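Below: the structure, in structure tokens.
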Amino acid sequence: MLKKRSLSFYLLLIFFCLFVLFLYGPIIAIVLLSLQGPDGQLMFPVRSFGVYWLGQVFQEQRVGNFVEPFKRSLTLGLLVTAIAIAVSVPAAMAFRSRFRGASVILYLTIASLIVPSVLVSLGIGILFQVMGWPTNWFSSGLGAHLTWTVPFAFLIMLGVFNRFDPSYEEAARDLGASGVKTFQEIVLPLIAPSLIGITILGFTLSYDEFTRTSLVSGQDNTLPLEVFGMTTNVTSPALYALGTLTTIFSFAMIAIAYSGYRIYSQRQRGG
Amino acid sequence: MSKLKALRPYFLVAPQTIVLLIFLVLPIVLIGVVSFWEFNGYSMTPAFTLDNYRGVLTSSVTLDTYLNTFKYVVLVWAVCLAMAFPVAYFLSFCIDNPRLQVILFLICTIPFWTSNIIRMIAWIPVLGREGLVNQALTGLGLVETPVAWLLYSDFAVVVGLVYLYAFFMIAPIFNSLMRIDRRLITAAQDMGASGFQILKEVILPLAAPGISIGSIFVVTLVMGEFITVRLMGGGQSASVGKLINTQIGSLQYPLAAANAVVLLAVTLLLVVLILRTVDVRKEM
């Protein structure tokens with residue numbers, strides 16, 4: 001840390017700070033504008049401080065209903081994450097041994113990430129229409145979310161198992177543990193910190209998903225769809241207040257995940 | 001017993017593969033099928049007609065829309081790269097303390113986990129007619145009347161898309177840079193290479209796989225984009241995703257499907273082109 005810094009270091013530092021300003025500036029702007037009194041406007045300057053608009057978010061008649069869509073997005077996020085983990089962990093484990101067709105499966109999973117999202121939405125919409133099934137957030141919407149979260153979970157687990165030392169499992173097997181027992185007692189505790197990471201990643205990916213869900217959520221909107229509807233007809237700081245609340249929620253999720261991850265990996269190291 | 005063991009990987013990948021077959025492969029196959037169906041003004045009927053493709057491929061709107069979408073793709077890609085590389089470089093080479101490195105990387109990451117739509121809305125008080133940028137410009141006397149093209153314009157669309165997707169460029173480049181063996185840099189220095197030469201001859205070639213993975217993400221995300229174009233663009237801002245979305249809105253599924261097939265083909269072509277320039281398999 002004591003070595004003399006070059007000019008390029010300071011230029012890069014300034015660039016980095018500008019980038020952070022670019023990232024956080026707009027978010028800070030809406031947080032400030034949402035903390036206004038009833039005379040607040042959509043633009044600066046801030047007229048008076050207060051929590052009036054945060055309260056308005058929960059008043060159904062003024063800006064639409066957000067409590068129900070929030071509950072829906074919460075449920076959907078948890079379902080999507082649970083399924084994503086349940087299917088991606090075994091799939092990544094399969095990739096620890098060579099098998100025919102492995103590369104096809106890998107490409108299929110990556111394709112799921114890079115297919116333009118409007119195709120997923122349109123395709124699932126057509127599938128449900130052709131089959132005569134009604135679209136719903138918990139059926140077609142769930143499927144659309146899985147095409148986005150499962151590949152991420154899978155790729156992360158692939159990386160985790162790449163760095164995984166198989167000698168622990170071999171030792172367990174030598175001592176007579178069954179496959180299931182080895183997974184429960186050895187593999188699961190070792191990958192647990194990564195699973196916490198995937199849980200939160202999967203949840204936030206699902207919680208914020210818009211484009212893939214947009215055509216297939218059915219009658220009841222998820223939270224992002226409800227917010228999008230609001231952008232066209234709400235012209236008060238209540239819009240920003242909602243933004244502030246969902247952003248705080250996302251930050252809280254990240255903080256919980258990060259501390260969970262740290263506590264767990266520390267406990268493991270401490271033995 | 002050994003036969004059972006050989007089947008084990010297939011049992012393990014089966015659930016994930018079934019999920020992707022139902023919600024990815026089958027829907028895309030159906031898009032292909034429906035793109036040959038007929039549309040009679042209010043519903044679609046099974047048929048085999050090339051009219052939809054004829055409509056898509058001969059209309060001047062399609063060409064204009066693709067050109068406009070490519071404009072977004074190129075601009076967003078260039079800005080993301082120009083932004084992501086210095087940031088990733090700073091994090092990986094200028095910060096020696098691993099703990100600080102993780103914290104700074106998290107700072108760069110956290111906003112990307114918040115709602116996309118809220119992050120679009122957040123630009124209104126910044127770029128709007130009476131927004132912060134215009135207040136600053138008029139306050140400093142740089143312009144007399146507020147600049148109108150900051151919001152609801154192509155400029156705003158590019159800003160919005162960069163804001164949404166820069167992370168997808170930063171993370172893979174950062175990952176590539178972190179894997180570079182630091183002894184290579186020392187070796188180059190010992191041989192008398194200048195800072196610029198090290199960047200060009202050592203770091204850039206080794207960062208290429210990360211750059212190309214980031215490029216694939218940014219290009220494919222922007223190709224199918226419609227929500228940012230709707231929220232941030234003016235009425236004239238067009239993109240293929242928005243066009244497809246409008247056609248779906250008027251229930252013209254076969255036409256939208258034909259458009260989607262063309263979009264998929266173009267996107268895959270772009271991905272193949274990127275992959276041909278750089279071999280990314282080493283990164284996996």
Side-chain angles (χ1 to χ4, degrees), chain A residues 1 8-9 12-13 15-16 19-20 23-27 29-30 33 42-44 86-88 90-91 93-94 97 99 105 108-109 111-112 114-120 122-124 126-127 130 143-144 146-147 150 154 204 208 210-211 215 224 227-228 231 239-240 243 246-247 250-251 254, chain B residues 8-10 12-13 15-17 19-20 22-28 30-31 34 83 86-87 89-90 94 96 107-108 110-111 113-119 121-126 128 130-132 135 195 216-217 220 223-224 226-227 231 241 244-245 248 253 256-257 260 263-264 267 271:
Chain A
M1 277 320 229
S8 61
F9 173 84
L12 284 166
L13 179 65
F15 189 89
F16 183 80
F19 176 72
V20 172
L23 283 188
Y24 288 87
I27 297 175
I30 61 161
L33 285 173
L42 278 175
M43 294 292 176
F44 283 100
V87 301
S88 69
M93 282 182 74
S97 54
F99 62 98
I105 307 262
L108 173 66
T109 314
S112 186
I114 63 174
V115 148
S117 41
V118 66
L119 265 105
V120 175
L122 173 63
I124 294 178
I126 289 177
L127 170 68
V130 169
L146 287 176
T147 63
V150 166
F154 171 75
T204 46
D208 295 332
F210 179 86
T211 38
L215 300 169
V227 175
F228 179 68
T231 56
L239 187 60
Y240 300 151
T246 62
T247 306
S250 296
F251 281 10
I254 297 164
Chain B
R8 189 172 165 265
Y10 296 99
L12 290 174
V13 291
Q16 172 169 316
T17 313
V19 165
L20 292 180
I22 296 176
F23 292 110
L24 182 76
V25 178
L26 185 59
I28 288 177
L30 279 175
I31 290 178
V34 165
M83 203 176 243
V87 168
Y89 182 91
F90 177 77
C94 299
D96 306 323
I107 287 176
C108 293
I110 289 169
W113 298 127
T114 63
S115 162
N116 283 4
I117 291 164
I118 297 299
R119 280 193 291 146
I121 294 167
W123 283 100
I124 296 173
V126 179
E130 293 143 45
L132 286 175
Q135 286 182 14
I216 289 174
F217 268 113
T220 54
M223 279 304 288
F226 66 92
I227 184 70
L231 276 177
I244 294 175
N245 215 40
I248 295 165
Y253 282 102
L263 172 67
L264 183 64
T267 309
V271 172

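Naming: A, B, ... by sequence-line order, numbering from 1 per chain. What you are looking at is a predicted structure, and each value in this text was computed from that prediction instead of being measured.
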Non-hydrogen atoms of chain B under 4.5 Å away: do they reach the side chain of [X], the backbone, both or neither?
X	result
A:L215	side chain
A:T109	both
A:I105	side chain
A:T204	side chain
A:F9	both
A:L33	side chain
A:F99	both
A:S88	both

Worksheet entry | Given B:L24, B:I31, B:I244, the one that forms side chain to side chain contact (heavy atoms under 4.5 Å, CB included) with A:L119 |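 Of the listed options, the one satisfying the test is B:I31.
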Does any heavy atom of chain A fall under 4.5 Å from the side chain of [X], the backbone, both, or neither of them?
X	result
B:I110	both
B:Q135	side chain
B:I107	both
B:I124	both
B:T267	side chain

Which heavy-atom pair separates [X] from [Y] by the least distance, and what is that distance?
X	Y	result
A:P90	B:L12	O-CB, 3.3 Å
A:S97	B:P9	OG-CG, 3.7 Å
B:G224	A:P116	CA-CB, 3.8 Å
B:V126	A:P26	CG2-CA, 4.0 Å
A:G123	B:P27	C-CB, 3.3 Å
B:W113	A:D208	O-OD2, 2.9 Å

Would you compute the distance between atom [atom1] of [X] and atom [atom2] of [Y] and round it to the nearest 0.5 angstrom?
X	Y	atom1	atom2	answer
B:M83	A:L23	CE	CG	8.0 Å
A:I124	B:I28	CD1	CD1	9.0 Å
A:I114	B:M223	CD1	CE	12.0 Å
B:I118	A:T247	CD1	OG1	6.0 Å
A:I27	B:T114	CD1	OG1	4.5 Å
A:F210	B:N116	CZ	CG	9.5 Å

Worksheet item: With side chains defined as the heavy atoms from C-beta onward, is the minimum distance between A:V227 and B:S115 less than 4.5 Å?
Response: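 SC-SC contact between A:V227 and B:S115 ruled out.
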Item to complete: Heavy atoms only, distances under 4.5 angstrom: which of A:I126, A:I254, A:T147, A:L122 has the most pairs with chain B? Name it, please.
Response: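 With the most close heavy-atom pairs to chain B, the winner is A:L122.
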Discussion item. Between A:V118, A:L146, A:L12, who has the most heavy-atom pairs with chain B when the cutoff is under 4.5 Å?
Written reply: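 Of A:V118, A:L146, A:L12, A:L12 has the most heavy-atom pairs under 4.5 Å with chain B.
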Heavy-atom pairs under 4.5 Å with chain A: which of [options] has the most?
options	value
B:V271, B:I227, B:L30	B:I227
B:P111, B:A256, B:A260	B:P111
B:L132, B:V25, B:N245, B:I22	B:L132
B:W123, B:Y89, B:Y10, B:F90	B:F90

Item to complete: For the pair B:C108 and A:F16, evaluate side-chain contact (heavy atoms from CB on, under 4.5 Å) and give the outcome as yes or no after the intermediate values.
Response: CA-CA 9 Å; B:C108 293; A:F16 183 80; 3.5 Å; yes
